[in-house]
Amino acid sequence: MNDAPMRGPDLEAVRSRLIHWYDRHRRDLPWRRTRDPYAVLVSEVMLQQTRVETVLPYYVRFLQRFPSASHLAAASEDEVLRLWQGLGYYRRARQLHQAARVLVERYGGQVPPDPEAVRALPGVGDYTAGAVLSIAFDLPVPAVDGNAQRVLARVFGVDEPADQAAGRRRLHDLARRLVDGPRPGALNQAVMELGATVCRPRRPGCGDCPLAELCVAARTGDPEAWPVRRRSGRWVEEDVAIAWCRVDGRVAVVRRPQEGLLAGLWALPYTRRRDGEGWLEARDRLAAALEAAVGRPLRWRRATLQGRWDFSHRRWHWRLFLADDAGERPEGPAGGPAGGRGRLQGGCGASRPAGRPATGDPSTADEPAPPRVPTGSDGAAVAEGLAPWGSAGEGGEPSPSPAPARPLRACAAATAEWAAETITWVRLADLERLAMASLDRRVLAAVAGRGEGGPRGAGAGAAERRD
DNA sequence: TTCCAGTTGG
DNA sequence: CCAACTGGAA
């Protein structure tokens, strides 16, 4: 059905080397001393999610007490569970018990050499079915466990993520072709054994590997780069500076763009840290926009809080920066003395003080990392909320104080994420009525927790969730 | 603390 | 697609 051209090593060479290696290096395990399909089934079920050393004594005891499917089927579930005690995943035990009863009722107490029938047994998925059929009956059915995935991905240089459908399909297809030769059972076990003992997740022993010369991953010199995981490619990691800016008892919020991430929701002013930019420079761009909106310099304090936020396709590492009107006395516990950092700043980029301390590598020459806030994530759905009082560009009441000192448009370049015109000053009490993403709610709660006058009583217990 | 593992069921 | 199950290792 699938005959895509094969890349990578020659299948026959891989097969013969694997089997040769397996015959000489396989571990002597009790379930390898039998080809009784029932015993193989028991061992494979026990080995799901469980390491060999743990399984060993359980397997021996279990087969002593239940040497056949009939014995197992006749036992009480309590007794089966007792023997399983300590192995974990007790559902496996119940399902194996059920499977034994199916074998007795439908197949005369024997495991039938029939892929459909085996696969249909309770607790038997694709992997276990393949293992039983190939090991016990020498049928050319693939058995792709995590070890096999790793071996195949490395040997053949599979670049599709192994934890995504396309990658799994590709690996399964490879396994299917590979097993289609002599001694399928030995071949499958060889692949898995190699993965377990040589082609380890970390520090693979390529020097001891029979496939090293053929192996795409080994030849790159960085075999650990396989299997490719969606993990490493899925997230777009972004650093985001967020401002908690209070002036005259109001807090600055902005409106996110109507398109894209969290479209149209209100947010604390934020900006993504750009390539080659340090946190402070990102903060300065925020400062430029906000100070233009206020019309006078603000006093900025060091980042006081940071956290992580996961979206479906990106991960934000955020840091919160506090600002207030320079004319007011400092308040709140965070950040310590504002001196030094709190220099005056002009409005827009053009008037920024050039004297930003040279920060060298912008990603490291930063201030010390602020305390962390528990991570969380946010899908997108947020209830419709109230427009803030005095929201810019919405008719209604005039924009509350302070008035912009210069055209906000001049600062449009400061942050690409939202238009400076959307900066809106909201009373603390009104903040919680805005439609905001959970991210901002969480930041707000964190601010409140730090005594910075955020919305009172905001809980901080959003559970971690991925979308 | 985070990652990982097969199968099932939502 | 993803949570739940459960325990071990990095």
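The chains referred to below are lettered A, B, ... by the order of the sequence lines, with proteins before strands, and numbering in each begins at 1.
Here the P atom of nucleotide B/dG6 and the CZ atom of A/R92 are 11 Å apart, to the nearest Å. Atom CG in A/D163 sits roughly 9 Å away from atom P in C/dC1 (whole-Å rounding). Straight-line distance from the CZ atom of A/R150 to the P atom of C/dA9: 15 Å, rounded to whole Å. Look at CD on A/Q85: it is 12 Å from P on C/dT6, rounded to the nearest Å. For the pair A/R168 CZ and B/dG6 P, the computed distance is 12 Å after rounding to whole Å. A straight line from CD of A/E53 to P of C/dA9 spans 8 Å, rounded to a whole angstrom. Whole-Å rounding puts the A/Q49 CD to B/dA5 P distance at 10 Å. Spacing between atom OH of A/Y89 and atom P of C/dG8 amounts to 10 Å, rounded to whole angstrom units.
As judged by a 4.0 angstrom heavy-atom cut-off over every strand, A/T54 is placed among residues making no nucleic acid contact. Within the 4.0 angstrom heavy-atom criterion, only backbone atoms of the sugar-phosphate kind lie near A/R202; the bases stay farther away.
With sequence neighbours excluded, the residues forming a side chain to side chain contact (heavy atoms under 4.5 Å, CB included) with A/H71 are A/F66, A/P67, A/S68, listed by chain and number. In this structure, the side-chain hydrogen bond (donor to acceptor under 3.5 Å, both in side chains) partners of A/R17, at least two apart in sequence or on a different chain, are A/E213. A/Y127 pairs by the ring pair (Phe, Tyr, Trp, His ring centres under 6.0 Å) definition with nothing, not counting sequence neighbours. Every residue was checked against the ring pair (Phe, Tyr, Trp, His ring centres under 6.0 Å) condition with A/Y38, not counting sequence neighbours, and none meets it.
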Show each protein N/O and nucleotides 8-10 of chain B N/O combination with a separation under 3.5 Å, one pair to a line.
| from | atom 1 | to | atom 2 | distance (Å) |
| --- | --- | --- | --- | --- |
| B/dT8 | OP1 | A/G123 | N | 2.7 |
| B/dT8 | OP1 | A/V124 | N | 3.4 |
| B/dT8 | O4' | A/R91 | NH2 | 3.3 |

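Heavy-atom contacts from other residues, nucleotides or ligands closer than 6.0 Å to CD of A/Q110 number 12 or fewer.
Relative to the side chain of A/Y90, the nucleotides C/dG8, C/dG7, B/dA5 differ in distance, and C/dG7 lies closest. The nucleotide whose nearest atom lies closest to any side-chain atom of A/T128 is, among B/dT7, B/dA5, C/dA9, B/dT7.
Sorted by first and then second residue, the salt bridge (Lys or Arg N to Asp or Glu O under 4.0 Å) pairs involving residues 129-153 of chain A (not counting sequence neighbours) form an empty list.
Toward the 5′ end of DNA chain C lies the nearest nucleotide of A/A165, the other residue of the pair A/A165 and A/G86 mapping further downstream.
Note on A/R177 versus A/D180: no salt bridge recorded, every NZ/NE/NH1/NH2 to OD/OE distance being 4.0 Å or above.
Side-chain to base pairing of A/Y127 with B/dA5: no donor and acceptor N or O lie closer than 3.5 Å to each other.
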